[in-house]
Engineer: 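Sharing a structure with you now.
Atoms considered below: every heavy atom in the structure, side chains included; atoms not considered: hydrogens, waters and symmetry mates. By convention in this document, chain letters (A, B, ...) are assigned in the order of the sequence lines, proteins followed by strands, and residues within each chain are numbered from 1. Since the structure is predicted, the reported quantities are computational estimates derived from the model, not experimental observations.
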2 protein chains.
Amino acid sequence: MDAGAVVPCCPPITAGELSQDDAEKMAVMFKALSDPVRLRLFSKVASHPGGEACVCDISDVGVSQPTVSHHLKKLREAGLLTSERRGTWVYYRVAPSVVAAMSAMLDLRS
Amino acid sequence: MDAGAVVPCCPPITAGELSQDDAEKMAVMFKALSDPVRLRLFSKVASHPGGEACVCDISDVGVSQPTVSHHLKKLREAGLLTSERRGTWVYYRVAPSVVAAMSAMLDLRS
DNA sequence: ATTGGGTATCGATGAGTGTCAACATAGACG
DNA sequence: CGTCTATGTTGACACTCATCGATACCCAAT
C-alpha cells in the first residue's frame with residue numbers, strides 16, 4: 001500500500017513562515033527519522049552497495065524482527081523508502097524524491 | 001539551563017551505518033522537528049529579520065500560550081534554539097551550530 | 001502437499017507526547 | 001509597595017508510539 005508518499009514537498013525551512021500544510025508534511029518526514037532504530041535502518045539502506053538492501057542485510061539493529069518490520073513500514077509510509085519483493089526476500093531502497101526533498105527543505109545557504 | 005545541547009554531531013546519514021550513539025543524537029534533533037507547531041516556531045525564528053524573534057512575534061501558531069512555551073523549551077533542550085531574556089521579553093535565535101550540523105548530516109551529494 | 005525460512009500483521013502493554021487551565025515567576029512602571 | 005504584562009511551570013488527561021510474542025502470509029524446495 002505505501003500510503004500517500006508524503007515527502008516531495010516544502011520550501012526551505014529558513015525561507016519564511018511555514019504554512020500549516022507544509023509544516024504537517026515536513027513533520028511526517030522528520031517524525032519518521034526521529035527514532036534511533038529507524039535512523040540506523042535508513043542509513044543502512046542508503047549506504048548499501050547497489051542502492052538497495054534486503055531486510056536480512058539490515059535487520060541487525062538490536063530489536064526483534066517484528067519491530068524491524070514495524071519500523072520499515074513507517075519509513076515506507078513516510079515516503080522515505082520503497083520496497084519490492086523478489087522471490088523469498090524483500091528489498092528496500094531510498095525513495096528517489098527524498099534526496100531532493102531533503103536538500104530543498106534544508107537549503108541553508110543565504 | 002538549556003540541558004545538554006545535543007546538536008553538533010554526526011556523520012552524513014548516507015555515508016555508512018550509523019553507530020548507536022550517533023543515531024540517538026540525530027534522533028533527538030529530528031524528534032524536535034517532528035511536530036508541526038515546533039516546525040512553524042523554528043521557521044519563524046530562523047526567518048525573522050535580525051536572526052532573532054521575541055516570543056510575542058512568533059506565538060501565533062494556533063495553540064495556547066503554555067503550549068507555545070512548552071514547544072520552545074523542547075527546541076531549546078534539543079539544542080536547536082537559544083533564548084535570552086532582555087527586560088520584559090524573551091528572544092529566541094537559531095543555535096549557531098545547527099546549520100552546520102544539518103548540512104553535515106544530510107550531505108546528499110548526487 | 002508439506003516443510004521451512006523470510007517477512008508482515010495482530011494484540012497487548014508500558015512509556016512517551018501534545019494540549020490546556022490554573023498557577024507561578026519575572027520585570028516594568030507607577 | 002501593588003499592578004500589569006510577558007513567559008515559564010505544574011498537573012491532569014487523552015492520545016500516540018515502541019516493543020514484543022504469537023500468529024499469519026509468501027515463496028522456494030523438497
Side-chain angles (χ1 to χ4, degrees), chain A residues 1-3 6 18 20 23-42 44-45 48 52-78 80-93, chain B residues 1-3 6 18 20 23-42 44-45 48 52-78 80-93:
Chain A
M1 18 206 99
D2 281 33
V6 210
L18 249 40
Q20 179 68 28
E24 279 170 9
K25 288 180 188 167
M26 292 177 63
V28 169
M29 178 171 166
F30 282 126
K31 186 178 290 184
L33 294 174
S34 70
D35 181 275
V37 173
R38 283 198 291 272
L39 275 173
R40 296 186 68 193
L41 288 171
F42 183 84
K44 283 192 174 201
V45 172
H48 209 78
E52 69 177 8
C54 167
V55 176
C56 56
D57 291 328
I58 61 177
S59 55
D60 180 25
V61 287
V63 295
S64 69
Q65 178 269 321
T67 303
V68 169
S69 194
H70 166 73
H71 285 305
L72 287 173
K73 180 180 186 179
K74 288 213 147 190
L75 288 167
R76 246 168 32 221
E77 288 174 344
L80 294 175
L81 295 181
T82 63
S83 68
E84 180 194 359
R85 165 159 237 140
R86 288 205 298 276
T88 304
W89 294 278
V90 176
Y91 293 87
Y92 280 79
R93 48 173 63 241
Chain B
M1 281 301 248
D2 283 33
V6 209
L18 249 41
Q20 179 69 26
E24 280 171 8
K25 288 180 188 167
M26 293 176 63
V28 169
M29 179 170 164
F30 283 125
K31 186 179 290 184
L33 293 173
S34 70
D35 181 274
V37 172
R38 284 198 291 273
L39 275 172
R40 296 186 68 194
L41 288 170
F42 184 83
K44 282 192 175 202
V45 172
H48 209 78
E52 69 176 9
C54 167
V55 175
C56 57
D57 291 328
I58 62 178
S59 56
D60 181 25
V61 287
V63 294
S64 69
Q65 176 269 322
T67 303
V68 169
S69 194
H70 170 251
H71 284 305
L72 287 173
K73 181 180 186 178
K74 289 212 147 190
L75 288 167
R76 247 188 300 133
E77 289 174 343
L80 294 175
L81 294 181
T82 64
S83 68
E84 180 194 359
R85 164 159 236 142
R86 289 205 298 275
T88 304
W89 295 279
V90 176
Y91 293 88
Y92 281 79
R93 49 173 63 240

Engineer: Within the structure shown, what part of the strands sits under 4.0 Å from B:Ser69 by heavy-atom distance: base, sugar-phosphate, or nothing?
Structural biologist: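 The residue B:Ser69 makes base contact.
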
Engineer: Taking CD1 from B:Ile58 and C1' from D:dA6, how many angstroms apart are they, rounded to a whole number?
Structural biologist: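 Those two atoms, CD1 and C1', are 13 Å apart.
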
Engineer: Expressed as a whole number of angstroms, how long is the span from A:Leu75:CG to C:dA8:C1'?
Structural biologist: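 For the pair A:Leu75 CG and C:dA8 C1', the rounded distance is 15 Å.
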
Engineer: Between D:dC27 atom C1' and A:Tyr91 atom OH, what is the distance in whole Å?
Structural biologist: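 Rounding to the nearest Å, OH of A:Tyr91 and C1' of D:dC27 are 13 Å apart.
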
Engineer: Could you tell me whether the side chain of A:Tyr92 reaches within less than 4.5 Å of the side chain of A:His48, counting heavy atoms only?
Structural biologist: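 Heavy-atom side-chain distance check fails, nothing below 4.5 Å.
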
Engineer: How does each nucleotide of nucleotides 17-25 of chain C score, in 5' to 3' order, for protein heavy atoms under 4.0 Å: base (B), sugar-phosphate only (S), or none (-)?
Structural biologist: SSBBBB---

Engineer: Quickly, which of B:Val63, B:Asp35, B:Val61 forms a side chain to side chain contact (heavy atoms under 4.5 Å, CB included) with B:Leu41? Name it, please.
Structural biologist: B:Val61

Engineer: Looking at residues at least two apart in the chain, or sitting in another chain, which of them share a side chain to side chain donor-acceptor pair (under 3.5 Å) with A:His71?
Structural biologist: A:Arg38

Engineer: Which atoms form the tightest heavy-atom contact between B:Val45 and B:Arg93, and what is the distance?
Structural biologist: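 Between these two residues, the closest heavy atoms are CG1-CA, 3.6 Å.
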
Engineer: Is the backbone N or O of B:Gly87 less than 3.5 Å from a side-chain atom of B:Arg85, with the two atoms forming a donor-acceptor pair by type?
Structural biologist: yes

Engineer: Does B:Tyr92 reach a base, just sugar-phosphate, or nothing at all? Heavy atoms under 4.0 Å.
Structural biologist: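 Answer is sugar-phosphate: B:Tyr92 comes under 4.0 Å of backbone atoms only.
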
Engineer: How many whole angstroms separate atom CZ of A:Arg76 from atom P of C:dT7?
Structural biologist: 12 Å

Engineer: Please name all residues satisfying side chain to side chain donor-acceptor pair (under 3.5 Å) with B:Ser64, sequence neighbours left out, ordered by chain then number.
Structural biologist: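 B:Ser64 satisfies side chain to side chain donor-acceptor pair (under 3.5 Å) with B:Thr67 once adjacent residues are dropped.
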
Engineer: Measure CG/B:Leu81 against P/D:dT7 and give the value in whole Å, please.
Structural biologist: 15 Å

Engineer: I need the NZ-P distance between A:Lys73 and D:dA18, as an integer number of Å.
Structural biologist: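 The distance from NZ of A:Lys73 to P of D:dA18 comes to 13 Å, rounded to the nearest Å.
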
Engineer: To the nearest Å, give me how far apart CD (B:Glu77) and C1' (D:dT9) are.
Structural biologist: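 Spelled out: CD on B:Glu77 to C1' on D:dT9 is 12 Å.
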
